Structures are given as structure tokens and as C-alpha cells.
2 protein chains.
Amino acid sequence: MKFNSHLSKIEVYEAGKPIELIVREFGISPEQVIKMASNENPFGMSPKVAKKLAENSSKGYLYPDDSMFELKEGLAQRFQVDSSNIIIGAGSDQVLDFISRAKLTSSSKVLMNRVTFAMYEIYANLVGAKVLKTDSTHHDLEQFYQIYKNERPDTIFICTPNNPTGDAIERDELYRFLEKIDSETLVVVDGAYMEYAEKRNPNFKIEPSELIDKFPNSIYLGTFSKAFGLGGMRVGYGIAQRDIIQNLYKVRPPFNITTLSLLAGVEALKDMEHVWKSVEINFQEMEKFEKFADEVGFQYIESATNFITLLLPERYNSSNISNELLRMGIIIRDLKGYGLNGVRVTIGKPEENIRFFEIFRNVL
Amino acid sequence: MKFNSHLSKIEVYEAGKPIELIVREFGISPEQVIKMASNENPFGMSPKVAKKLAENSSKGYLYPDDSMFELKEGLAQRFQVDSSNIIIGAGSDQVLDFISRAKLTSSSKVLMNRVTFAMYEIYANLVGAKVLKTDSTHHDLEQFYQIYKNERPDTIFICTPNNPTGDAIERDELYRFLEKIDSETLVVVDGAYMEYAEKRNPNFKIEPSELIDKFPNSIYLGTFSKAFGLGGMRVGYGIAQRDIIQNLYKVRPPFNITTLSLLAGVEALKDMEHVWKSVEINFQEMEKFEKFADEVGFQYIESATNFITLLLPERYNSSNISNELLRMGIIIRDLKGYGLNGVRVTIGKPEENIRFFEIFRNVL
């Protein structure tokens, strides 16, 4: 049977390997597996959220409140915007999908960093848009601007902090860039790791209300998957001016997050202490990774997130090392597919990190 | 800002109203609200599923096993197909979305019944495909065939039992129709309510393995949202020949169902007793609705599902009646938007149905 011709170009996103797979493939018991590949919060969700979910698990038979009234109210309060400035997605991924479907066609162009979140390109390919990329690992906004000027893309993706590299852009630098972009070009500012970045350096903090006020052609993306510890619940959001949100709503399928995910999001916003505590420990542990890298003579990218990218000396191959670790029950992310001889490692709990350092040393 | 021009044609799907809205708008306490609008299983999910979810709620911080190994194995066993014949969606809705994105473009045509599940048209509109419809309330397969012959649509949607009317097609009749359809036309057989239909009349039962074996151009859709009582967990599936499934996989976003939804689906398949018990009570209660309709002099459509469509005499307006019931805390589905002066009512628990009959009588 014939399917759409542009599908042939589509790469299927390779998700971080789940614990279940390692258990199945290598016969390692689940307790022995450490997952440092998908940047989940290793401290998990707030215990208050877990309790709320446990108490309400049987409510999962009812469709959710599709207006997502309470969750949008909670986010509106947190970010000092109006509910009508918010759209909820099954992860911020899904908001990317809405953007591609609402704004892009096969004659559109999109611009993104050479090394950045893979889904920007995947969703653009799904609608057949042309993908333009800078040629640097870090966001070089001067280069972004040059390409913008010559090519006039319909949408620009800025990931700050950037995944999978971990570096962030200072707010003032981003604003100077945005001032030069015309009002018809949608600029996506993906702040999936912003809770980490703003604690690392207040100058990294992008406040969505200020962003969309100054630049009505921008949309801010956030998620509950990282610092909030709800990766598996699939809840993210976009914040933008109302005309943008209304257009994205047209391509949103009904009931796009689950009843329990909705509950989890609402409850998670009530326990910011859990978030900030996780972020604090994250950066304490990050220092140990930096020290470890220095000790074994690896370079690393200074990270404003809950992961660190280690760049390997030429004598090592990131794919081989990742595979060897996998056999020892440690799942990390090989960056070969991103054109880097490096690995991305989620900062784990203190005890997990100790084990990681030990096993990594043995593998070298 | 400019968005894609075909968005202007898109109608936003109006979901059944959630209990929360009635509580907010009319100040009725949640316990007083009876939701009979969205065809959830009123007996909810299996208690075993609820227990599993409660015990594992804190696992929602981890992304799900994106291969969905265990769930696909469970479905493969239930339906006697191979795992590679299965794709999982966030509800069978999402599989419809995959189909539209993989098979349709703005130069495609799709064919469906005049009155049928609204999402077929919405997803077709999202990719700009032309929508062709029969002109009858029930699936008239002769008419389907005539339009097929003249227009050669790329995809045909058959909903059996049909939503929102409740009637089903006999297997032999469907097969006779499918024999006349060429192998390049994808035929979607949506069996969202099949667990109900097969108990109502064994001749309604479509066995996915037989269907895709006889007709390799077909895809069967099923869901956990109805008889399995997992509406709010968003889990559905498509079963088709491997080449179709592989193409749909290309447009599937990663982690498209939640970690808890995956658990719920796996667990639900282990408690078929809960499903069949719910179905049995459903049809016992259905008889009371039929009797009630006879008593008040309404026509109804004989239903093979967990809802019944009541057709109102001209002196009543289905929108007014639905609104009056809403104010009394009873949520049903007005079918005015489908071109019918009727209402669709989900069969509730015995005690809910008694209250429904009483309040409905008062409203007439």
C-alpha cells in the first residue's frame, strides 16, 4: 500500500532505553539498573503527587476535564499570565507538534541549532518543511541571525538550556537576537530545563510573561517532565499570545493528557519545595561529575540542566563506551547520532553517581 | 501572525462536558452529577488495575518503555496476532491521527458515514483531505460502494458499532463489502465498542486476525476507553499488516502513552471478567432504557454499545432538553451537531439510570 512519499525521509526518534529492556536483554535485575539516559528527576515526583495519584487511581476511567481549567489556572498563577495564554500538551513535545501542524507546510523553512533537541527536526519533517541548521554545537545567535536574514524561516527553535549539550543563553543576549526578528516569524523558546538553569545563573532565566510581552511572535515551552519529576505522565505547556494559542488549539486532539496526568500537574505545582530541593542537590552532584571528568581527563560542557555532556578523547568511542556501560546496567545517552563523540549523563542520586563513577572508571 | 490556511476550516471537537464543569457552572456537588455523555464504563476500571496503579503511582516520573513490549504482547495474545501487527495510540483517536498523517495529503479523499465518530473528519481536515459522506444515519454499505466506485477515496472509515448511533454491521455484510474494495484503499474498521457488540450479537464480532488476513488493506481499531474502563488513561490500538503498522510508526511521537497508562493496559488485559461482567449488566440496563423510551413515546436506535440514542418527537428540541438536564446535574450528549434531533445517553449504573429516568420525565 502507498503511503505519503515524505515518510521515507523520516527517522524514527530513538528514545532512551527503558529499564525493562535492559532487564530483558541482559538479565540484570531491575534494582541493579541505573537509568541516566532520559533526564528524569532521579528524586522522582513529589511524594504529595504520588499520594494524590494513589488515592485517585480509580478515577482514570473518566475522561479528563478537557478544558484543563485547574492546571491552566495553576500555571497562569505561577507565570503571571492569563489562562488563555496557555496550551497543554502531552509533554512539551506535543506542543512542538501543534506548532508544526499549525504553522508549517511543505513549503516552510525552520531554523535550529546543529546540535539540539531531535524532535524539532522530526516534527518539521512530518509536515515536509525544510530544515536549516547552524554549524556549531552551541547556540551561536549571530549565525542564527545570518541564516535568518538570508533564508527567512517560518519558525526558529531556540533551546535554552540546550539539550543534549546543557549550555544556556543569557536572557539579554536572547532578547537582543529577538529584537531583530520580524513579527511573522514564530520563535520557539524551549525552556524544558529552565528550573535548573535559573538556579545555576539568574541571567539564564527567561520569564514567559516578559518574553511574550516584549516579543509577541514568541512562544515559551515548559514541561513537568524534568524538575517536576513527571516524565512518564506526559505533561508540558506552551505560553504565548492568545492568537497563537488559539491557532494551536485548532490542531490539538481532545483529551490529549490523561486524567491522572492532569491531577499530577495540578498537585505538582503546589509543591515547589520538592522542585527546588531536587535542583539544589542536582548541582551539588554536578560538581562531582565535573571533578570526575577532570580526573579522567575528559572535557565536559558546563551544564545548566540535570545532565552533563562528557566529550571523549579520540582514543575512546562514545558508542562502545555506552554499550559497555549498558551491559553493566548503566543506561546513558550516546551522542554519536548528534555528531559528537560524547555521552550525555543524567545526574543521578548521590549513591547512583558513586556507582556510575566506579563502573565508568572500570570501563575506560 | 499567519498560520496554515486550512486551519480556518477546522472545527474544534466539542468533548463531552466533564463533571468539574458542572460543579463550577451550576454549583452542584460532584457526587450529585451523573456523567452519561462520554460512554465511559460506569463501573470504572477493574479494581485490580486501580490497585496496580495506586501501588505504582510514584513510577510516573520515569518515561515509559517506548517499545510497549508487554502491552503489545498482551494484545497479541488476546487477538492471536503478532506484536508487529500492533501500534498503540493515546486512545484509538491517536491511531486515526497516525493514519491521516501517514496516508493522507491535501489531495486525498476519505469516505465515511454521514453520522459517525467526529474525529474521522477532524483528522482528515487537519491534513486538508476532502471528506466524502454517505447521506444516511446508518452505515449503508451499498451507498458506500457507489461513492467508492465513483470517487476512489484513499481511506474509508467504517465504525461498527457506530458512534453516536449504536447500531452495528454484521460481519458477513462487512466482508462482502470489503471484497469489492481495491488493495490500495485503506479501510479503517473502528471497533471501539466491539466488546459490547460481540455480546449483543455474535454476528457483529469482527476478529482482527481474520479481518487483516482476508483484507490486508484493512486496519482494525480497538480501545481500552470503553468496556475496559480506562477512558481517562488514553490507550487504544491499531491492528494491521506489518507494512501498514511500520508506516504508522513513522508518524508516532515517542512516549505517546503515559507510564501509568501502559501499566493499566497490561493489567486490564488480565481481568477480562471485569469487562464481561460490565457488558452483561450494560445490556440488562439497556432494556430499561428501551422500556422507558417506549413509555414516553420516543423512538430509539437498537444499540450494540454502552449507550443508547433516543430520537425525540418534533415537539421536543434535543438541545433544550440536554441543557435542562445539565442544570439538574445530568450530562448527556446532544446530537443536534450531528444533524439529529436526538440525545445519546451512556448506560449508567442501575441507581444512576433510575435517577436519569426520573429526572428526564420531569423535564419533558
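Chain identifiers are assigned alphabetically (A, B, ...) following the order of the sequence lines, protein sequences preceding nucleic acid strands; residue numbering begins at 1 within each chain. Just so it is clear, the structure is predicted and the values come from calculations on it, not from any experiment.
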Would you compute the distance between atom [atom1] of [X] and atom [atom2] of [Y] and round it to the nearest 0.5 angstrom?
{"X": "B/Ile10", "Y": "A/Arg252", "atom1": "CD1", "atom2": "CZ", "result": "13.0 Å"}
{"X": "B/Lys59", "Y": "A/Met45", "atom1": "NZ", "atom2": "CE", "result": "11.0 Å"}
{"X": "A/Tyr61", "Y": "B/Leu230", "atom1": "OH", "atom2": "CG", "result": "12.0 Å"}

Is it true that, when you exclude [X] itself, more than 12 heavy atoms of the residues, nucleotides or ligands shown sit nearer than 6.0 Å to its [atom1]?
{"X": "A/Lys109", "atom1": "NZ", "answer": "yes"}
{"X": "A/Glu70", "atom1": "CD", "answer": "no"}
{"X": "B/Arg242", "atom1": "CZ", "answer": "no"}

Output all residues satisfying salt bridge (Lys or Arg N to Asp or Glu O under 4.0 Å) with B/Lys48, sequence neighbours left out; order by chain, then residue number.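 Salt bridge (Lys or Arg N to Asp or Glu O under 4.0 Å) check on B/Lys48 returns nothing, list empty.
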Taking side chain as everything from C-beta outward and backbone as N, CA, C, O, which of these in [X] sits under 4.5 Å from a heavy atom of chain B? Side chain, backbone, both or neither.
{"X": "A/Leu262", "value": "neither"}
{"X": "A/Ser261", "value": "side chain"}
{"X": "A/Phe228", "value": "neither"}
{"X": "A/Ser67", "value": "side chain"}
{"X": "A/Glu184", "value": "both"}

Pairs of heavy atoms under 4.5 Å with chain B: top-ranked of [options]:
{"options": "A/Pro42, A/Gly44, A/Ser108", "answer": "A/Gly44"}
{"options": "A/Gly60, A/Ala54, A/Ala90", "answer": "A/Gly60"}
{"options": "A/Asn256, A/Leu186, A/Val49", "answer": "A/Leu186"}

Donor-acceptor check, side chain of [X] to backbone of [Y], threshold 3.5 angstrom: yes or no?
{"X": "B/Asn217", "Y": "A/Met1", "result": "no"}
{"X": "B/Thr258", "Y": "A/Arg234", "result": "no"}
{"X": "B/Asp93", "Y": "A/Pro254", "result": "no"}

What part of [X] gets closer than 4.5 Å to chain A, counting heavy atoms only: side chain, backbone, both or neither?
{"X": "B/Ser106", "answer": "neither"}
{"X": "B/Phe43", "answer": "neither"}
{"X": "B/Ala102", "answer": "both"}
{"X": "B/Pro47", "answer": "neither"}

After noting the C-alpha distance and the side-chain angles of A/Phe3 and B/Lys250, does the key distance pass the side chain to side chain contact (heavy atoms under 4.5 Å, CB included) rule? CA-CA 11 Å; A/Phe3 286 87; B/Lys250 292 191 174 184; over 6 Å; no
Side-chain heavy-atom pair B/Arg101, A/Leu126 within 4.5 angstrom cut-off: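 B/Arg101 reaches A/Leu126 side chain to side chain.
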Any side-chain heavy atom of A/Phe69 sitting closer than 4.5 Å to one from B/Arg24? yes
Would A/Asp243 and B/Lys2 pass as an ion pair if we require N to O under 4.0 Å?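 No, no charged N to carboxylate O under 4.0 Å.
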Non-hydrogen atoms of [X] and [Y] that approach each other most closely:
{"X": "B/Ser38", "Y": "A/Tyr63", "answer": "O-CE1, 3.3 Å"}
{"X": "A/Asn4", "Y": "B/Leu104", "answer": "ND2-O, 2.8 Å"}
{"X": "B/Ser57", "Y": "A/Ala50", "answer": "OG-O, 2.9 Å"}

Is there a side chain to side chain contact (heavy atoms under 4.5 Å, CB included) between A/Thr259 and B/Met233 once you walk through the steps? CA-CA 6 Å; A/Thr259 300; B/Met233 302 303 292; 5.8 Å; no
Any chance you could lay out the side chain to side chain contact (heavy atoms under 4.5 Å, CB included) test for B/Leu21 and A/Asp65, step after step, and finish with the verdict? CA-CA 8 Å; B/Leu21 184 105; A/Asp65 173 2; 5.5 Å; no
Before giving the answer on side chain to side chain contact (heavy atoms under 4.5 Å, CB included), spell out for B/Leu53 and A/Leu260 the whole-Å C-alpha distance, their side-chain angles and the decisive distance to 0.1 Å. CA-CA 10 Å; B/Leu53 288 177; A/Leu260 298 185; 4.3 Å; yes
